[in-house]
Amino acid sequence: MRLGVRSSVVGNITMNKIFSNTAKRFQSSGDEDIEKAIHEASTGQRPIIEELLNRDLVPEEEFLKSLAQDLHLGWEEELNPINKRKLKEVCSAKIALKHRLLPLSFGDGSELIETQDPNDASNTLPEQPGGEEEQEINESANDQLRLRIATYDPFNYLARQAASQAINYPIEWTMASRTRILQGIQELYGVGADTFEQILAGRDLDMDSLDIDKDEANVLDEDEDEEASVVKFVNQIIREALDQRATDIHVEPLHSDLRIRYRIDGMLNDVAVPENINALQSSVIARLKIMSKLDIAERRLPQDGRINLSLEDQQIDVRVATIPTVEGESVSLRLLNQEKFNLDRLGLIGHVRSRIDQLLSMSNGIILITGPTGSGKSTTLYTFLSELNKSETRIVTIEDPVENKLDGVMQIAVKPEIDLTFARGLRSILRGDPNIVMIGEMRDLETAEIAVRASLTGHLVFSTLHTNDAIGGISRLTDMGVEPFLVSASVRAFLAQRLVRRLCPSCKVPHEYTQEHLDSIDFPKGEEGQMFLANEGGCDRCRNSGYLGRLAIFEICLVTPAIEDLIVSGASSAEIKQKATEEGFINMRDYGWHKVLSGDTTLEEVMSATTVELKLEE
């Protein structure tokens with residue numbers, strides 16, 4: 001027994017030395033940080049590779065590739081599993097997801113494009129406790145067939161032993177980056193595949209597992225009950241969406257399948273799901289409806305609800321909408337993180353930032369933010385309110401729904417079923433001595449007229465409109481029935497915005513456009529700056545998309561005395577725009593060009609998000 005302990009200690013020392021020597025080649029900090037991380041991981045019985053990567057002490061790709069070379073293991077630049085259905089039969093989702101192993105091929109080697117030498121050192125791994133037992137099991141299997149598996153931690157002996165016991169074939173080990181392995185596992189098996197397999201095995205397909213009578217926050221943390229359930233499967237779908245920075249989840253029934261899609265950076269992406277997921281379609285949708293406190297028996301009418309989630313002590317609000325379709329109920333979830341709002345995060349260029357600061361310093365008037373649904377209007381509103389949220393200021397909002405909770409701000413949710421509308425709530429707000437009022441949306445004449453009266457009686461009012469540009473907000477108000485002289489007297493500014501995808505700073509590619517192309521899109525001449533394109537293959541940081549997050553582009557029209565006169569006289573939008581341009585108005589596309597030249601986004605993103613006036617060719 002004493003000999004076993006001693007050999008284990010010697011093995012750990014050797015392993016730590018390998019990690020230390022390899023990590024120091026790529027260190028971004030001092031040797032002490034690496035030695036400390038290795039020591040703490042060893043004493044805490046945590047995987048050393050995970051510790052080094054999680055602390056960002058080494059670059060993932062370069063470090064793991066060098067480690068593979070030191071261990072004489074193969075390295076996979078591209079992960080393309082062959083014969084996916086067979087791989088999933090041989091290597092279960094439970095083994096792959098629990099131990100983070102990605103099967104790549106199964107056969108006698110003929111299925112690979114490049115023939116590999118079975119005697120090559122890359123097929124073996126460092127010695128481990130229990131290695132003799134693993135070898136005996138493998139030798140008893142079919143010598144002609146072997147399974148090739150990619151791992152990013154060749155020293156994870158528990159994972160290797162579990163794989164050897166569960167797979168009765170010889171295993172050929174190879175290495176790849178952690179990010180690509182995790183992505184490959186999800187693409188091969190689908191989100192929540194390990195739980196899905198156990199559910200189909202018959203552990204729980206009854207409605208009791210859906211926790212119908214429970215009324216508490218839904219916890220998404222990974223240390224859940226090991227027992228598979230529809231509850232756990234749905235939690236995995238939501239947790240994966242949050243990990244990928246998704247803003248929306250769409251669960252859509254098709255004729256013979258159940259499609260799940262995430263909206264990431266404004267783009268819809270299909271999510272890999274387990275085969276035969278439609279077997280749980282009704283259970284998954286019922287669970288989502290229970291979480292959002294909807295009527296699970298009502299399948300003919302649309303319903304709206306909310307879910308309160310908790311992930312790693314962070315509260316996440318989810319808006320849920322169900323739609324009855326011919327193939328079944330479709331469920332859409334809008335994920336609303338309780339984020340911190342800061343004016344600097346909007347990344348406003350100097351000209352627009354100075355105008356915003358000027359508006360926020362005013363004591364009365366209406367500031368309207370315009371744009372289509374999903375253009376970031378609510379985020380901008382919350383940012384302005386956070387900037388003005390001080391102890392000497394009373395802020396009251398009425399919203400439908402309350403998307404984010406702000407400390408110190410009195411927030412009211414519209415409830416039409418009890419006749420708590422924007423107009424009725426706004427009347428009550430004005431009797432409550434507010435300094436600043438925020439109206440989620442101006443939807444009708446009654447709400448608009450009350451907002452106008454509030455601004456004229458000394459309140460600063462924020463709200464939103466659905467228009468295509470800033471100047472279009474003027475005609476929108478007059479079309480609603482607000483008198484032009486009231487618009488000119490109460491509104492201080494119209495702010496329009498759109499969202500464009502932000503280039504990944506780690507992999508964006510410099511690009512030079514021809515002058516002919518720039519002239520064709522009226523790009524300003526003589527501007528300094530470097531333009532970039534998204535890397536077609538992306539990188540691990542941006543999940544191979546080339547983009548990382550989104551940013552807003554703006555245009556702001558101040559209602560100056562000259563603009564007021566034009567509004568009262570009933571001038572056209574073109575005349576108002578011409579006067580605004582003379583006074584320094586920058587349209588949304590020109591604002592976007594500044595973001596292109598600063599390397600934040602691309603020409604194509606700005607052009608797709610903005611419109612220009614059509615010109616007839618001569």
Got a donor-acceptor contact below 3.5 angstrom from the [X] side chain to the [Y] backbone?
| X | Y | result |
| --- | --- | --- |
| Thr174 | Gly74 | yes |
| Thr322 | Gln303 | yes |
| Lys88 | Ala93 | no |
| Gln497 | Gly376 | yes |
| Thr464 | Gly440 | yes |
| Ser375 | Pro372 | yes |
| Arg259 | Asp270 | no |
| Lys377 | Gly371 | yes |
| Thr610 | Met588 | no |
| Asn544 | Gly537 | yes |

Presence of salt bridge, [Y] and [X], under 4.0 angstrom:
| X | Y | result |
| --- | --- | --- |
| Glu605 | Lys595 | no |
| Lys65 | Glu60 | no |
| Glu298 | Lys289 | no |
| Glu40 | Arg55 | yes |
| Arg245 | Asp265 | yes |

Hey, does [Y] have a side-chain heavy atom less than 4.5 Å from the side chain of [X]?
| X | Y | answer |
| --- | --- | --- |
| Leu335 | Asp248 | no |
| Ile95 | His99 | yes |
| Ser545 | Cys504 | no |
| Leu87 | Leu147 | yes |
| Leu333 | Ser292 | no |
| Cys507 | Cys542 | yes |
| Tyr189 | Val273 | no |
| Gln186 | Val271 | yes |

Locate the shortest heavy-atom distance separating [X] from [Y]; write the atom from each residue and the value.
| X | Y | answer |
| --- | --- | --- |
| Gln530 | Pro510 | NE2-CB, 3.8 Å |
| Tyr591 | Leu348 | OH-CA, 3.3 Å |
| Thr601 | Val500 | OG1-CG2, 3.9 Å |
| Ser386 | Leu406 | OG-CD2, 3.8 Å |

Going by atom types only, do [X] and [Y] share a side-chain donor-acceptor pair under 3.5 Å?
| X | Y | result |
| --- | --- | --- |
| Glu387 | Tyr382 | no |
| Arg541 | Ser506 | yes |
| Ser598 | Asp600 | yes |
| Glu399 | Gln411 | yes |
| Gln281 | Glu327 | no |
| Arg178 | Asn54 | yes |
| Arg502 | Tyr547 | no |
| Glu240 | Gln244 | yes |

Looking at CG of Leu73 and CG of Leu67, how far apart are the two atoms once the value is rounded to the nearest 0.5 Å? 8.0 Å
Side chain to side chain contact (heavy atoms under 4.5 Å, CB included) between Thr247 and Tyr262: does it pass, once the steps are laid out? CA-CA 7 Å; Thr247 56; Tyr262 297 158; over 6 Å; no
So does Glu78 have more than 12 non-hydrogen atoms from other groups sitting under 6.0 Å from CD? no
Verify the neighbour count for atom CD of Glu77: are there more than 12 heavy atoms of other residues, nucleotides or ligands below 6.0 Å? yes
Output all residues satisfying salt bridge (charged side-chain N to carboxylate O under 4.0 Å, His left out) with Glu61, sequence neighbours left out; order by chain, then residue number. Arg180
Exactly one of Leu336, Thr379, Leu381 should register a side chain to side chain contact (heavy atoms under 4.5 Å, CB included) with Glu403. Which one does? Leu336
Are Val231 and Asn235 close enough, and set up right, to give a side chain to side chain contact (heavy atoms under 4.5 Å, CB included), and what steps lead you there? CA-CA 6 Å; Val231 174; Asn235 285 353; 4.1 Å; yes
When you look at Ile181 and Leu79, which way does the side chain to side chain contact (heavy atoms under 4.5 Å, CB included) test go after all the steps? CA-CA 8 Å; Ile181 284 179; Leu79 298 178; 4.0 Å; yes
Using the side chain to side chain donor-acceptor pair (under 3.5 Å) rule, pick out the option among Arg263, Arg319, His250 that qualifies with Ser332. His250
Think Arg146 forms a cation-pi with Tyr169, using NZ or CZ under 6.0 Å from the six-ring centre and within 45 degrees of its axis? no
